[in-house]
Peer 1: 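Here it is, the structure in full.
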Amino acid sequence: MRLLWLGVLSRRFQHVPLRDTCRQASRGAKANKAGWEEKVENSVKWRQLEHKGPYFTPAYEPLPDGVHFFYDGKPVKLSVAAEEVATLYGKMLHLECATKEVFQRNFFRDWRKEMTAEERKLITHLDKCDFVEIHKHFMEKTEARRTLPREKKQKLKEEAEKLQQEFGYCILDGHREKIGNFKTEPPGLFRGRGDHPKMGMLKRRVMPEDVVINCSRDSKIPKPPAGHQWKEVRSDNTVMWLAAWMENIQNTFKYIILNPSSKLKGEMDWHKYEVARRLRGVVNKIRAQYQADWKSPEMKKRQLAVALYFIDKLALRTGNEKEEGETADTVGCCSLRVEHVRLHGKADGQEHVVELDFLGKDSIRYNNRVTVEKLVFQNLQHFMEDKDPGDNLFDALTTASLNKHLQSLMEGLTARVFRTYNASVTLQEQLRVLTRAEDSLTSKVLAYNRANRAVAILCNHQRAIPKTFEKSMQKLQQKIETKKAQVTEAQVELEKLKADLRTRGGSKSKSFLRKQQRLLKLEEQLARLHKKATDKEENKQVALGTAKLNYLDPRISIAWCKRFGVPIEKIYHKTQRERFAWAFNRADKDFEF
DNA sequence: TGACCGACTTAGCAGTGTCTTC
DNA sequence: GAAGACACTGCTAAGTCGGTCA
């Protein structure tokens with residue numbers, strides 16, 4: 001069915017003529033009767049889409065008279081355009097990225113483009129520029145906002161809510177749906193992750209003339225701000241975006257899209273997990289095949305088999321090729337280089353140990369030692385033979401050929417499905433191992449977090465250690481010590497009463513029972529604090545949220561909550577419950593992924 | 001066939017809001 | 001009521017992957 005639409009679906013974005021575009025896939029009527037599966041499959045995303053267009057960042061407000069920019073020690077009044085960009089830099093003075101040479105060079109080059117000819121002649125060296133007053137001004141503004149009286153904060157909140165109500169919702173197929181990001185991105189200095197060659201470049205203001213609006217033909221077309229017009233208005237119901245523009249740093253599109261709680265996003269989410277569940281039925285066959293292919297005489301086949309093994313066993317990302325010099329130097333499985341792999345015939349008392357050390361998505365380091373099968377080890381040795389450190393490990397492999405191969409094994413199967421599959425299977429298995437029905441609620445939640453953490457570690461979801469970690473951990477330890485002392489004290493008191501009772505005889509007094517209860521309560525409190533400390537320590541560098549939102553089939557968690565009487569609020573907070581609304585009536589307590 | 005493009009998902013961080021503790 | 005801790009949200013960068021085009 002999908003093939004029928006190939007011709008209709010893809011047309012180069014910038015080649016579409018302005019204003020008269022209409023690509024309403026006519027299968028909508030069929031999708032009416034059909035279930036989610038068919039709707040997702042035939043690519044029709046909506047039949048009615050109406051919205052107000054994006055909310056634009058307010059115009060630049062010039063600096064007040066008392067705030068100056070200095071060049072070479074002298075105050076300089078900048079043109080509005082140059083001043084606006086200077087303020088973007090001034091705001092970032094305290095950030096680490098602003099101290100980097102690449103950032104400064106890129107900023108200065110782009111800033112000079114915004115200057116008048118006179119300014120350009122005068123301002124020739126960044127190190128002679130003084131943004132300190134500008135920086136102070138914005139820091140004071142932030143502080144003033146933070147310490148605003150309650151009523152003023154309330155007023156701001158109401159204004160934001162009004163904006164949300166006006167621009168933050170759309171009508172999609174008769175339903176009022178929340179929009180995810182209804183504001184255009186404000187101008188700023190680009191902050192890439194890791195060593196990004198474009199950091200510091202000026203990300204320019206988005207104007208209505210940059211924006212393409214997507215809505216249904218018969219809807220109320222959003223009005224551009226006064227005196228402006230849209231780049232284009234189109235009606236394409238095979239895509240999910242409401243508005244789009246091209247950003248000037250990487251020349252890629254930015255989209256206004258629906259909130260994850262929307263029905264359409266829910267359908268896509270459900271579909272993703274259904275594909276992963278289908279993999280369960282064929283995964284053993286696929287594993288058997290790639291293991292057999294380790295012995296293939298064809299180099300390409302062996303590389304594919306080893307790469308797939310890594311993707312399956314280590315949950316590596318696919319690793320598309322990237323344009324050199326355009327982004328930070330990061331890799332995934334298919335783009336691994338020889339320098340990222342070390343082979344140890346014997347290490348840590350194990351044989352055939354492979355050490356992977358590379359920067360992955362978002363420049364997060366992946367560093368792992370893993371024992372592999374002898375054939376994998378030998379193949380890797382062979383792939384690395386006569387290669388330089390900078391050469392590709394899998395030089396006969398591309399992500400396209402890998403995915404093409406996977407498609408031949410199961411419809412809809414791509415490399416990333418393995419991540420979803422292995423993450424969800426790990427969660428389900430860990431929950432089974434770690435949960436005991438007789439445990440307290442705290443212990444059950446701790447077990448869930450541990451299962452969640454096992455997945456986050458598998459997927460290498462890391463976070464920076466929170467700045468306040470050491471301090472708050474110390475405080476927690478202090479609390480534990482205090483509680484321990486209280487427990488000891490209560491134990492001593494109770495022992496005394498017990499001794500009295502033995503001497504005097506008779507039944508337990510009210511005071512005795514009270515002390516006994518108190519001791520029990522204190523011991524419970526101490527156990528809770530210990531659990532909290534353990535959880536905190538184990539979590540300090542692991543980001544649990546990413547796996548929970550993107551890789552773990554919510555039906556597993558919902559079923560677990562139902563089975564063990566855990567309130568769902570303990571696992572998902574409000575927005576997460578809204579996001580996974582689709583899963584609530586699709587998972588009873590016996591749901592199996 | 002490979003380069004490129006468009007549309008989508010996945011990702012970590014920082015700012016804000018809310019709860020807890022003193 | 002203030003301060004600090006933590007939970008939550010919004011933001012936007014950075015991936016994946018299916019498609020076209022030369």
Side-chain angles (χ1 to χ4, degrees), chain A residues 2-3 5-16 43 45 95 142 145-147 150 153 156-157 160 164 168 180-186 188 190-194 196 198-199 203 212 214 236 238-241 244 246-247 249-255 257-260 265 268-269 272 317-323 326-328 330-335 360-364 398-404 406-407 412-417 419-420 423 456 459-464 466-469 471-473 475-476 479 532 536 543 545-547 549-551 572-576:
Chain A
R2 210 176 166 139
L3 287 171
W5 290 96
L6 292 184
V8 191
L9 293 184
S10 295
R11 229 151 91 192
R12 299 252 161 155
F13 199 94
Q14 71 275 33
H15 293 159
V16 178
S43 295
K45 303 293 196 312
L95 302 175
T142 308
R145 216 171 29 242
R146 202 180 62 81
T147 52
R150 187 183 288 259
K153 273 191 180 168
L156 286 178
K157 206 175 161 185
Q164 171 78 45
N181 56 329
F182 62 87
K183 294 174 181 172
T184 59
E185 290 170 20
F190 178 74
R191 293 171 69 177
R193 315 236 165 102
H196 202 295
K198 294 191 172 183
M199 64 167 81
K203 198 172 74 164
V212 179
N214 191 28
D236 181 354
T238 66
V239 296
M240 301 204 299
W241 53 266
M246 190 178 267
E247 54 88 31
I249 304 290
Q250 330 243 34
N251 289 328
T252 57
F253 286 104
K254 297 272 184 170
Y255 301 95
I257 53 168
L258 292 167
N259 188 273
K265 282 276 192 185
M268 304 302 281
D269 220 21
K272 175 180 80 182
R317 291 187 189 84
T318 328
N320 281 318
E321 286 227 19
K322 295 164 71 182
E323 211 175 324
E326 290 292 298
T327 59
T330 62
V331 297
C333 185
C334 294
S335 49
K361 183 176 179 182
D362 293 322
S363 294
I364 299 288
T398 65
T399 53
S401 63
L402 176 73
N403 279 332
K404 203 174 161 198
L406 292 174
Q407 288 282 357
L413 183 62
T414 60
R416 78 160 150 206
V417 177
R419 247 165 106 81
T420 313
C459 295
N460 201 38
H461 292 146
Q462 295 186 35
R463 62 167 182 169
K467 283 168 196 145
T468 53
F469 181 82
K471 205 174 147 194
S472 65
M473 200 61 183
K475 277 196 170 180
L476 189 55
K479 269 188 187 175
K532 195 175 170 185
K536 205 178 163 78
T546 309
L549 287 179
N550 300 300
Y551 289 103
Y572 293 130
H573 58 67
K574 188 171 155 276
T575 39
Q576 290 172 338

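The chains referred to below are lettered A, B, ... by the order of the sequence lines, with proteins before strands, and numbering in each begins at 1.
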Peer 1: Nearest to the side chain of V239(A), heavy atoms from C-beta on, is which of dT12(C), dT18(B), dA7(B)?
Peer 2: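 The answer is dA7(B).
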Peer 1: Check every atom of dA11(B), dT9(B), dA14(C) against the side chain of M268(A) and return the nucleotide holding the closest atom.
Peer 2: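 The nucleotide sitting nearest to the side chain is dT9(B).
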Peer 1: Choosing from dG12(B), dC17(C), dT9(B), which nucleotide comes nearest the side chain of T318(A)?
Peer 2: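 Selected nucleotide (nearest to the side chain): dC17(C).
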Peer 1: When you check the phosphate oxygens OP1 and OP2 of dG15(C), does a side-chain N or O of N320(A) lie under 4.0 Å from one of them?
Peer 2: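 Checking N320(A) against dG15(C): no side-chain N or O falls below 4.0 Å of OP1 or OP2.
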Peer 1: Less than 4.0 angstrom between a side-chain N/O of K265(A) and OP1 or OP2 of dT9(B), yes or no?
Peer 2: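 True: K265(A) side-chain N/O within range (under 4.0 Å) of dT9(B) OP1/OP2.
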Peer 1: The side chain of R419(A) lies closest to which of these nucleotides: dC8(B), dA11(B), dC17(C)?
Peer 2: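 Selected nucleotide: dA11(B).
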Peer 1: Output yes when at least one side-chain N/O atom of K45(A) is less than 4.0 Å from OP1 or OP2 of dA7(B), else no.
Peer 2: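 For dA7(B), OP1/OP2 do not have a side-chain N/O of K45(A) under 4.0 Å.
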Peer 1: Does a nitrogen or oxygen in the side chain of T327(A) sit under 4.0 Å from OP1 or OP2 of dA13(C)?
Peer 2: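 No, no such contact exists.
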Peer 1: Please tell me which of the listed nucleotides, dG12(B), dG15(C), dC13(B), lies nearest to the side chain of A464(A)?
Peer 2: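 The answer is dC13(B), which lies nearest to the side chain.
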Peer 1: Below 3.5 Å is the cut-off: list the nitrogen or oxygen pairs between protein and nucleotides 2-8 of chain C, distance only.
Peer 2:
residue: dC6(C); atom: OP1; partner: K536(A); partner atom: NZ; Å: 3.1
residue: dC6(C); atom: OP2; partner: S472(A); partner atom: OG; Å: 3.3
residue: dC6(C); atom: OP2; partner: K536(A); partner atom: NZ; Å: 3.1

Peer 1: Taking the minimum atom-to-atom distance to the side chain of K254(A), which one of dA7(B), dA13(C), dT9(B) wins?
Peer 2: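 My answer, after comparing the listed nucleotides, is dA13(C).
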Peer 1: At under 4.0 Å, does any side-chain N or O of K322(A) touch on OP1 or OP2 of dG15(C)?
Peer 2: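 Result: yes.
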Peer 1: Will you find, in the side chains of T414(A) and Q407(A), an N or O donor that is under 3.5 Å from an N or O acceptor?
Peer 2: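 Their side chains do not contain a donor-acceptor pair, so the 3.5 Å distance test is not met.
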Peer 1: Please determine, for the side chain of R193(A), which listed nucleotide (dT18(B), dA7(B), dA13(C)) has the closest atom?
Peer 2: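 The answer is dA13(C).
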Peer 1: Looking only at side-chain N and O atoms, does T546(A) come under 4.0 Å of OP1 or OP2 in dG12(B)?
Peer 2: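 Yes, within the criterion.
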Peer 1: Of all the choices, dA7(B), dT9(B), dA14(C), which nucleotide is nearest to the side chain of Y255(A) once you look at every atom?
Peer 2: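 It is dA7(B).
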Peer 1: Going by modelled atom types, is there a donor-acceptor pair between the base of dT10(B) and the side chain of K361(A) at under 3.5 Å?
Peer 2: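 Between dT10(B) and K361(A), which were checked side chain against base, a qualifying N/O pair under 3.5 Å is present.
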Peer 1: From the options dC8(B), dC17(C), dA14(C), select the nucleotide whose nearest atom is closest to the side chain of N403(A).
Peer 2: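 The listed nucleotide nearest to N403(A)'s side chain is dC17(C).
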Peer 1: Using heavy-atom distances to pick each residue's nearest nucleotide on DNA chain C, tell me which of H196(A) and Q407(A) is more 5'.
Peer 2: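 Per heavy-atom nearest nucleotide, the more 5' residue is H196(A).
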Peer 1: With nearest nucleotides of DNA chain C determined for E185(A) and C333(A) from heavy-atom distances, which residue corresponds to the more 5′ nucleotide?
Peer 2: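 That would be E185(A).
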Peer 1: Looking only at the side chain of K203(A) (C-beta and beyond, no hydrogens), which of the listed nucleotides dG12(B), dT12(C), dA7(B) gets closest?
Peer 2: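 Looking only at side-chain atoms, K203(A) lies closest to dT12(C).
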